[in-house]
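Only a predicted model underlies this, so the values are computations on that prediction, with no experimental measurement involved.
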Amino acid sequence: MTGTPTASLADALASGTLVLDGGMSNQLESAGFDLSDALWSARLLAERPEAITEAHLAYFTAGASVAITASYQATFEGFAARGVGPAEAARLLRLSVELAREAARRARAGDAGRPLWVAASVGPYGAMLADGSEYRGNYGLSVADLERFHRPRMETLAEAGPDVFALETVPDAAEAQALLRAVRGLGVPAWLSYTVDGDRTRAGQPLAEAFAPAADVDEIVAVGVNCCAPQDVERAVETAARVTGKPVVVYPNSGESWDAGARAWTGRTTFGPDRVRSWRDAGARLVGGCCRVGPEGIVAIAGALEGGGAQ
């Protein structure tokens with residue numbers, strides 16, 4: 001097996017469970033980079049692109065079959081606030097896909113021995129604001145406003161030829177509707193992933209209602225949750241699968257808590273192999289990690305899934 005995908009990600013998800021990568025910021029911070037800038041990891045697209053390639057490669061080496069690009073916080077508006085013009089911003093957006101492709105090439109050269117895919121990250125509007133509002137939603141913008149925000153960067157990312165869009169960390173059903181509109185006609189499939197609190201979106205909508213519009217959108221090949229507590233995942237998986245009939249993607253945080261006053265993570269991880277297997281059994285077909293889940297966490301996920309339907 002060369003590692004070059006011969007099947008679409010949708011086809012692969014229909015036949016088993018794949019391992020997704022972990023937190024990009026986690027790996028970059030572990031490598032010594034300061035990500036306190038408003039652009040977060042997207043700043044390194046311009047300043048240290050090789051570091052992003054190395055971060056992707058670390059996750060492929062750990063067992064991930066899908067890498068999410070460093071474009072979560074990369075937007076035309078965010079770059080403009082830092083004096084970066086639209087042409088350079090577009091180049092950096094496309095570069096995010098190219099860097100993940102390069103990591104996949106290196107992983108194949110190192111005998112990864114499995115197909116590898118690249119997911120272009122499309123973070124929520126609140127991520128551009130860099131004020132935590134992606135965990136609240138309810139921005140006061142219309143669905144049309146949000147579609148106009150998302151569509152240009154999605155068009156630009158599509159030009160770089162990712163295998164799939166990761167419409168991720170969506171806090172609000174209204175923003176999900178905008179993303180479902182924006183993805184149409186771009187020729188790139190997508191997954192839609194909410195950030196949740198219990199059985200509701202961060203904006204407070206019941207998950208069954210939030211997932212429902214994705215059921216009839218052909219471009220959506222998976223739905224699920226990310227950047228949430230591990231204990232909120234299993235019920236969300238069951239709801240997503242029941243409401244949409246599509247494969248489910250899950251990549252929660254480690255379970256630790258962020259202490260804003262101390263600016264430090266506290267507590268212990270609650271993300272273990274038993275949970276991973278229960279998510280798979282509930283219908284998850286793409287499993288990885290988000291904040292505080294590094295390559296060692298992906299090794300553990302791959303190990304938990306091995307021999308139980310993992311590809």
query: Should Ser96 and Leu157 count as side-chain neighbours, where that means a heavy-atom distance under 4.5 Å?
result: yes
* **Check ion pair Arg101-Glu98 (N to O, under 4.0 angstrom)** => no
Practice prompt. Begin with the C-alpha distance, continue with both residues' side-chain angles, and end with the deciding distance and a verdict on side-chain contact (heavy atoms from CB on, under 4.5 Å) for Phe60 and Ile298.
Written response: CA-CA 9 Å; Phe60 280 139; Ile298 301 309; over 6 Å; no
Smallest heavy-atom separation, Arg202 atom then Cys228 atom, equals NH2-CA, 4.1 Å
Interatomic distance, CD1@Ile220 vs NZ@Lys246, rounded to 0.5 Å, equals 7.0 Å
*Sub-3.5 Å donor-acceptor pair from the side chain of Thr17 to the main-chain atoms of Arg280, do we have one?*
no
Contacts satisfying ring-ring contact (aromatic ring centres under 6.0 Å, His included) that involve residues 119-140 (not counting sequence neighbours) are Tyr125-Tyr139, Tyr125-Phe149
message = Does Cys227 form a side-chain contact (heavy atoms from CB on, under 4.5 Å) with Asn253? I'd like the steps, not just the answer.
response = CA-CA 5 Å; Cys227 206; Asn253 299 332; 3.6 Å; yes
When you look at Glu238 and Arg235, which way does the salt bridge (charged side-chain N to carboxylate O under 4.0 Å, His left out) test go after all the steps? CA-CA 5 Å; Glu238 294 167 348; Arg235 182 163 47 173; over 6 Å; no
- Query: Are the side chains of Phe76 and Leu93 in touch, meaning some heavy atoms are under 4.5 Å apart?
  - Reply: yes
Between the CD atom in Glu219 and the CG atom in Leu192, the distance rounded to the nearest 0.5 Å is 12.5 Å
query = Do Val225 and Pro252 have side-chain heavy atoms sitting under 4.5 Å apart?
reply = no
For residues 171-188, the salt bridge (charged side-chain N to carboxylate O under 4.0 Å, His left out) pairs (sequence neighbours left out) are Glu147-Arg181
- Connected via hydrophobic side-chain network under 4.5 Å: Leu95 and Leu57: no
Open item on the list: Do the side chains of Arg91 and Glu88 get close enough for a salt bridge, i.e. N-O under 4.0 angstrom?
Closed with: yes
Gly198 and Asp232 have their tightest heavy-atom pair at N-OD2, 3.1 Å
Residues 293-304 vs salt bridge (charged side-chain N to carboxylate O under 4.0 Å, His left out), sequence neighbours excluded, gives none
Residues Pro230 and Phe271: closest non-hydrogen pair is CG-CB, 4.2 Å
With sequence neighbours left out, the residues meeting salt bridge (charged side-chain N to carboxylate O under 4.0 Å, His left out) with Glu77 are none
Requested in this report: Would you check if Trp191 and Val66 make a side-chain contact, meaning some heavy-atom pair closer than 4.5 Å?
Outcome: yes
For Ala120 and Val97 the tightest heavy-atom approach is CB-CG2, 4.2 Å
Scanning both residues in full, the closest heavy-atom pair of Gly289 with Ile301 reads N-CD1, 4.3 Å
Establish whether Val143 and Met154 are linked, either directly or via other cluster members, by ILVMFWY side-chain heavy-atom contacts under 4.5 Å.
no
Hits for side-chain contact (heavy atoms from CB on, under 4.5 Å) against Val188, two or more places apart or cross-chain, chain-then-number order -> Ala158, Pro162, Phe165
Distance-only polar pair, side chains of Thr75 and Arg153, donor-acceptor under 3.5 Å
no
Fill in: Test log, rule side-chain contact (heavy atoms from CB on, under 4.5 Å), inputs Thr69 and Leu99
CA-CA 8 Å; Thr69 64; Leu99 295 174; over 6 Å; no
**Q.** Any donor-acceptor pair under 3.5 Å from Asp163 side chain to Val118 backbone
**A.** yes
Quiz item: Below 4.0 angstrom, N of the basic side chain to O of the carboxylate: do Asp197 and Arg136 qualify?
Solution: no
Review point. How far apart are the C-alpha atoms of Glu54 and Arg106, what are their side-chain angles, what is the distance that settles it, and do they pass the salt bridge (charged side-chain N to carboxylate O under 4.0 Å, His left out) test?
Key: CA-CA 10 Å; Glu54 291 292 340; Arg106 294 185 192 178; 3.2 Å; yes
query: Quick one: does Ser71's side chain have a donor or acceptor within less than 3.5 Å of a partner on Ser121's backbone?
result: yes
### Query
Is there side-chain contact between His56 and Ile52, with heavy atoms separated by less than 4.5 Å?
yes
Nearest heavy-atom contact between Ser254 and Thr269 is O-OG1, 2.8 Å
Report task. Assess whether side-chain contact (heavy atoms from CB on, under 4.5 Å) is satisfied between Arg94 and Thr156, documenting all intermediate values. Result -> CA-CA 7 Å; Arg94 291 189 294 267; Thr156 302; 3.9 Å; yes
query = Is Val293 reachable from Val299 through a run of hydrophobic residues whose side-chain heavy atoms are each under 4.5 Å from the next?
reply = no
For Thr195 and Glu134, does a side-chain donor sit closer than 3.5 Å to a side-chain acceptor? no
Would you mind reporting whether Pro124 and Tyr72 have side-chain heavy atoms less than 4.5 Å apart?
yes
Any Leu116 side-chain heavy atom under 4.5 Å of Arg108 side chain: yes
Exercise for the section: Check whether any side-chain heavy atom of Leu28 sits under 4.5 Å from a side-chain heavy atom of Leu44, and report yes or no. Expected result: yes
Residues passing the side-chain contact (heavy atoms from CB on, under 4.5 Å) test with Ala210, sequence neighbours excluded, are Ala173, Tyr194, Thr201
